[in-house]
Amino acid sequence: MKLIPYWLDTAEPSGDYRSTPVPDNVDVAVIGAGFTGLSAALEFARQGASVAVFERHTVGWGASGRNGGMATTGLAIGFSSAVKRYGEARAVEYFREYNDAIDSIEKLVHDYAIDCDFNRFGKLSLAYHESHNDGFKKSQELLAKLVDHHVTLIPKSDIHSEIGTDFYQGAMMDPLGAGLHVGKFAHGLAGAAANAGAQICENAGVTELKRVNGTVHDVHTTRGIARAKHVLVATSGYTGNVTPWLQRRVIPVGSFIICTEPLPEDVVNRILPNRRMASDSKMLTYYFRITPDNRLLFGGRARFALSSPDSDVKSATILRKAMLELFPYLSNAKVDYIWGGLVDLSMDQMVHAGEHDGLFYSLNYSGHGVQMAAHMGKRMAHYMGGDKSANVWGDLKNPPVPGHFGPPWFLPFIGAAAKIIDRVK
């Protein structure tokens, strides 16, 4: 077994950016070479700005290379909850932004000829409890009425048309959901940005931001100092003490994944015959899909803990047991890959983007970051250029997590509460 993400292990790097010089001056400095940062860098460079991307590790090392490879519709809180919280008009605007985000990925793939196995397979939401079907029904009705967006309900009696297990009580299928190879996509974005003139600096972790005036900062990295007229923080679940105001507003939750060996065609046809992107309705959700080379990728919040080699292995044991509970006929399938990563939750499970004390940021994708991160990079390039309408999330309140000033000591309590909810709902 390899303790590295399948996506990064099977993607060809677009270049070696470890020795790219740190420039003395740039129009824009981007912190983080994930989807947000690379998409923003590409758009800034395309507009003619000088831009440098500073990455502590390598392209796609963080959340962008450690997820399930799913770009799906809908908000983390669900459309019905969004209507209750924000009203119909704002909920519709937020929902459509996620649809636009998937379209953004598709356009990037097309415009820059990124070979990353992008396909609109559809998203399968699975009911863990019978009562969860009521929520699916309500969402179906509201989406059709308010958004003209149409999903299909699948009763338990027909569940085998979509998935080879009896574990779930029904499902909802959205045809617009997509899957992609996120490692190839990350390197495709990096290559496109570099070709457009962006400077990508790997192994250049940002250690300090010194504000000069307004939005101008001296960006101190492990490989040099750059003065930037504007700085965009795109660090997702890896937001740390270099940006303490943002760190207090990001809940870094470990999400863990196992990936099997390539499986026979008849087996993957039994698991997910239509190759949907699948996730269930538990608080401690499982999510899974078939990879382009016929592996089963199976992930979830196996433990409310941060990712580390020891934590990843412990989580893999839990996930393999869960995988076999759903698909007992995989008992002889080997697990080839184990990895973990950090999801950047917020108090309200909404995206937060804007400017604070001269720093621009886009964070808190709450487990829906593949599409929204790639989308918000371009959006932030326009927002930072003066188009305030480019950021639909800008007026959302962004409260800090009470008592959160460093390591997230509260994760075990969140995990315990989620387990209770899953048992009783």
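Positions are given from 1 along the sequence.
Taking a cutoff of 4.0 Å between a charged side-chain nitrogen and a carboxylate oxygen, Lys184 and Glu12 do not qualify as a salt bridge. No salt bridge links Glu130 with Lys137; every basic N to acidic carboxylate O contact stays at or beyond 4.0 Å. Using a 4.0 Å cut-off between charged nitrogen and carboxylate oxygen, Arg289 and Asp117 do not count as a salt-bridge pair. Note on Glu202 versus Arg56: no salt bridge recorded, every NZ/NE/NH1/NH2 to OD/OE distance being 4.0 Å or above. The residues Asp134 and Lys138 are annotated as not salt-bridged, no charged nitrogen and carboxylate oxygen being separated by less than 4.0 angstrom.
The closest side-chain heavy-atom distance from Met70 to His368 is not below 4.5 Å. For the pair Cys116 and Val109, the minimum side-chain heavy-atom distance is below 4.5 Å. The closest side-chain heavy-atom distance from Val30 to Phe54 is not below 4.5 Å. Looking at Phe185 and Ser64, their side chains never come closer than 4.5 Å, going by heavy atoms from C-beta outward. For the pair Leu263 and Leu296, the minimum side-chain heavy-atom distance is below 4.5 Å. Contact of the Phe79 side chain with the Val92 side chain is registered, since non-hydrogen atoms from C-beta on lie closer than 4.5 Å. Looking only at side-chain heavy atoms (C-beta outward), Glu55 and Ile200 stay at 4.5 Å or farther from each other. A 4.5 Å side-chain heavy-atom check between Glu88 and Tyr86 finds every atom pair outside the cut-off.
Residues satisfying the side chain to side chain contact (heavy atoms under 4.5 Å, CB included) criterion with Asp336, sequence neighbours excluded, are Glu261, Pro262, Arg295, Lys334. Residues satisfying the side chain to side chain contact (heavy atoms under 4.5 Å, CB included) criterion with Asp395, sequence neighbours excluded, are Arg90, Tyr94.
Taking the centre and axis of the six-membered ring of Trp245, the NZ or CZ atom of Arg249 falls inside the cone set by 45° and 6.0 Å. By the 6.0 Å and 45° rule, Arg66 stacks over the aromatic ring of Trp61.
Residues Leu396 and Val351 come closest through the heavy atom pair CD1-O, 3.6 Å.
Ring geometry, Tyr383 versus Phe360: the interplanar angle exceeds 60°, so the pair is classed perpendicular (tilted spans 30 to 60°). Ring-plane geometry between Phe288 and Tyr168 is classed as parallel, the angle between the planes falling under 30 degrees on a 0 to 90 degree scale with a further cut at 60.
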Name each donor-acceptor pair under 3.5 Å that joins a side chain in residues 31-45 to protein atoms two or more places apart or in another chain, with its distance.
| residue | atom | partner | partner atom | Å |
| --- | --- | --- | --- | --- |
| Thr36 | OG1 | Tyr365 | OH | 2.8 |
| Thr36 | OG1 | Ala373 | O | 3.4 |
| Ser39 | OG | Ala374 | O | 2.6 |
| Ser39 | OG | Lys378 | N | 3.2 |
| Glu43 | OE1 | Arg46 | NE | 3.2 |
| Glu43 | OE2 | Arg46 | NH2 | 2.8 |
| Glu43 | OE2 | Gln47 | NE2 | 3.1 |
| Glu43 | OE2 | His382 | NE2 | 3.1 |

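Within a 6.0 Å radius of NZ in Lys156, more than 12 heavy atoms belonging to other residues, nucleotides or ligands are found. Atom CZ of Arg18 is surrounded by 12 or fewer heavy atoms from other residues, nucleotides or ligands within 6.0 Å.
In this structure, Phe95 has its ring center closer than 6.0 angstrom to the ring center of His149. Proximity of the aromatic rings of His181 and Trp7 is defined here by a centroid distance below 6.0 angstrom, and this criterion is met.
Rounding to the nearest 0.5 Å places CG of Leu126 at 5.5 Å from CD1 of Ile159. In this structure, NZ in Lys2 is found 4.0 Å from OH in Tyr337, a value given to the nearest 0.5 Å.
Screening Val242, Val401, Asn241, Thr235 for a side chain to side chain contact (heavy atoms under 4.5 Å, CB included) involving Gln247 leaves a single residue, Asn241.
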